[in-house]
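The first residue of the sequence shown is numbered 1, and numbering continues consecutively from there.
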Amino acid sequence: MRTHLRLPAAASLALAAALALAGCSSGDSGRSAESGSGRTEGAATPATSTPSLSAAERIAGEQDDTATAGPSSAPGAAPAPEGAPAGPVRPDAALTPATGSFTPKEKQYLSGRVPQAVDPAAVLDVGKETCQRISRTAKHDKDAAAAAVVAGDLRDADDAVTHLCPDQRPVLDTAEGGYPDGTHASPAAGRYRTVSAGPGCSWQVTDAKGTRVAGGPAPGATGPHTLTIPPGAARFESSGCYAWLRT
């Protein structure tokens with residue numbers, strides 16, 4: 001299944017992937033010989049000072065860096081999985097952990113999404129973390145978990161659930177066909193509702209001529225809000241509403 005995903009500017013759920021900074025090293029940029037010391041003056045020797053990124057940070061950076069991306073697959077190859085890195089990836093035959101082994105489902109999740117320089121186990125941990133966050137949120141509020149999927153707060157939720165936590169499929173089913181905040185062309189007709197809308201939630205639907213055919217909220221109305229998109233709508237805009245789920 002495919003949901004309409006984007007990263008929202010604000011959300012009510014703190015559902016970002018856990019990233020840890022291992023630390024950074026620094027050194028002198030170089031020294032020149034002291035004047036009059038009798039030592040031969042030489043060129044400065046720079047020392048690197050580069051932050052050490054966690055595996056999860058490297059994964060996120062490589063997957064999101066599309067500005068310098070080259071082709072990631074040969075012509076005619078199957079589409080890359082959602083969240084796949086832009087650069088070269090490890091072939092399936094090289095998807096082996098330092099110790100132990102991956103299950104068939106874990107290998108399916110990892111296929112096409114592990115950058116060459118990253119440990120496959122670290123990529124798997126990102127998927128497992130997504131599953132844990134979906135499970136923890138859904139335990140208290142399944143709709144809130146579904147809204148986070150629609151809004152894009154849960155990285156690679158479709159693939160993570162499909163391969164690593166199929167018991168969370170009801171969350172994806174609830175998220176199916178939802179819309180996050182933003183502008184959407186040719187929205188699907190139907191009835192939608194908010195789950196975590198902010199006080200500034202507003203929306204409008206226009207037809208092909210730009211005429212407003214639906215919008216809100218009504219003066220004094222408070223959430224949760226509902227919306228009906230009529231057939232033939234050309235544009236749906238939402239702001240401050242976080243995510244809309246189909247009813």
Side-chain angles (χ1 to χ4, degrees), residues 1-17 64 66 79 81-83 130-163 165-247:
M1 54 90 62
R2 179 169 295 276
T3 55
H4 305 269
L5 300 179
R6 68 184 286 273
L7 292 176
S12 59
L13 304 174
L15 296 173
D64 293 338
T66 58
E82 179 187 342
T130 294
C131 282
Q132 290 170 3
R133 294 181 178 210
I134 292 175
S135 178
R136 286 197 299 263
T137 305
K139 184 177 180 180
H140 299 285
D141 189 338
K142 186 179 75 172
D143 284 349
V149 171
V150 172
D153 278 346
L154 291 163
R155 190 179 187 89
D156 305 339
D158 286 10
D159 288 342
V161 169
T162 299
H163 300 299
C165 50
D167 58 308
Q168 297 302 321
R169 171 58 61 177
V171 173
L172 294 189
D173 292 341
T174 301
E176 179 71 37
Y179 288 103
D181 272 339
T183 301
H184 310 279
S186 301
R191 191 166 178 80
Y192 300 82
R193 59 189 172 90
T194 62
V195 176
S196 304
C201 173
S202 64
W203 65 93
Q204 72 170 0
V205 182
T206 53
D207 61 18
K209 295 181 179 180
T211 302
R212 174 170 161 151
V213 295
T222 59
H225 304 288
T226 58
L227 157 71
T228 298
I229 297 179
R235 186 183 181 95
F236 168 42
E237 298 177 65
S238 171
S239 176
C241 304
Y242 187 50
W244 294 85
L245 302 179
R246 288 189 68 103
T247 61

Q: Roughly how far, to the nearest 0.5 Å, is the CD1 atom of I134 from the CZ atom of R169?
A: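 Spacing of CZ (R169) from CD1 (I134) equals 10.0 Å.
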Q: Please name all residues satisfying side chain to side chain donor-acceptor pair (under 3.5 Å) with Q204, sequence neighbours left out, ordered by chain then number.
A: E237
Q: Check the pair I229 / W203 against side chain to side chain contact (heavy atoms under 4.5 Å, CB included), numbers first and verdict last.
A: CA-CA 11 Å; I229 297 179; W203 65 93; over 6 Å; no
Q: Can you name the nearest heavy-atom pair linking P230 to V205, along with the distance?
A: CD-CG1, 4.3 Å
Q: At their closest point, which heavy atom of A214 faces which heavy atom of L227, and how far apart are they?
A: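 Reported closest heavy-atom pair: CB-CD1, 4.3 Å.
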Q: V150 and G178: which non-hydrogen atoms are nearest, and at how many Å?
A: CG1-C, 3.7 Å
Q: Hey, is CZ on R193 packed in by over 12 heavy atoms from elsewhere, all under 6.0 Å?
A: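 More than 12 heavy atoms, drawn from other residues, nucleotides or ligands, come within 6.0 Å of this atom.
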Q: Using salt bridge (Lys or Arg N to Asp or Glu O under 4.0 Å) as the criterion, list what pairs up with R246, not counting sequence neighbours.
A: none
Q: By the disulfide bond (SG atoms under 2.5 Å apart) test, which pairs, at least two apart or in different chains, include something from residues 199-247?
A: C201-C241
Q: Determine whether T130 and D156 satisfy the following criterion, side chain to side chain contact (heavy atoms under 4.5 Å, CB included), listing intermediate values before the conclusion.
A: CA-CA 8 Å; T130 294; D156 305 339; 5.7 Å; no
Q: Minimum heavy-atom separation for P217 and S202, please, with both atom names.
A: CD-CA, 3.9 Å
Q: Within this structure, what is the CD-CD distance for the pair Q168 and Q132, rounded to the nearest 0.5 Å?
A: 11.0 Å
Q: Please enumerate all residues that pass ring-ring contact (aromatic ring centres under 6.0 Å, His included) together with H163, with sequence neighbours excluded.
A: none
Q: Listed by chain and number, what are the side chain to side chain donor-acceptor pair (under 3.5 Å) partners of T194, not counting sequence neighbours?
A: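 Here no residue qualifies.
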Q: Could you give me the CA-CA distance, side-chain angles and deciding distance for V171 and V161, then say whether side chain to side chain contact (heavy atoms under 4.5 Å, CB included) is met?
A: CA-CA 9 Å; V171 173; V161 169; over 6 Å; no
Q: Measuring from atom NZ of K142 to atom CG of D173, what distance do you get when rounded to the nearest 0.5 angstrom?
A: 8.0 Å
Q: Could you tell me which non-hydrogen atom of A160 sits nearest to which non-hydrogen atom of C131, and how far apart they are?
A: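 The answer is O-SG, 3.5 Å.
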Q: What is the distance from atom CG of D141 to atom OG of S196, rounded to the nearest 0.5 Å?
A: 7.0 Å
Q: For F236 versus P187, what's the shortest heavy-atom pair and its separation?
A: CB-CG, 3.7 Å
Q: Do any pairs count as a side-chain hydrogen bond (donor to acceptor under 3.5 Å, both in side chains) and have a residue in residues 217-233, sequence neighbours left out, and if so which ones?
A: R191-T226, R191-T228
Q: Do D181 and S238 pair up side chain to side chain, a donor and an acceptor below 3.5 Å, judged on atom types alone?
A: yes
Q: What distance separates K139 NZ from T137 OG1, expressed to the nearest 0.5 Å?
A: 11.5 Å
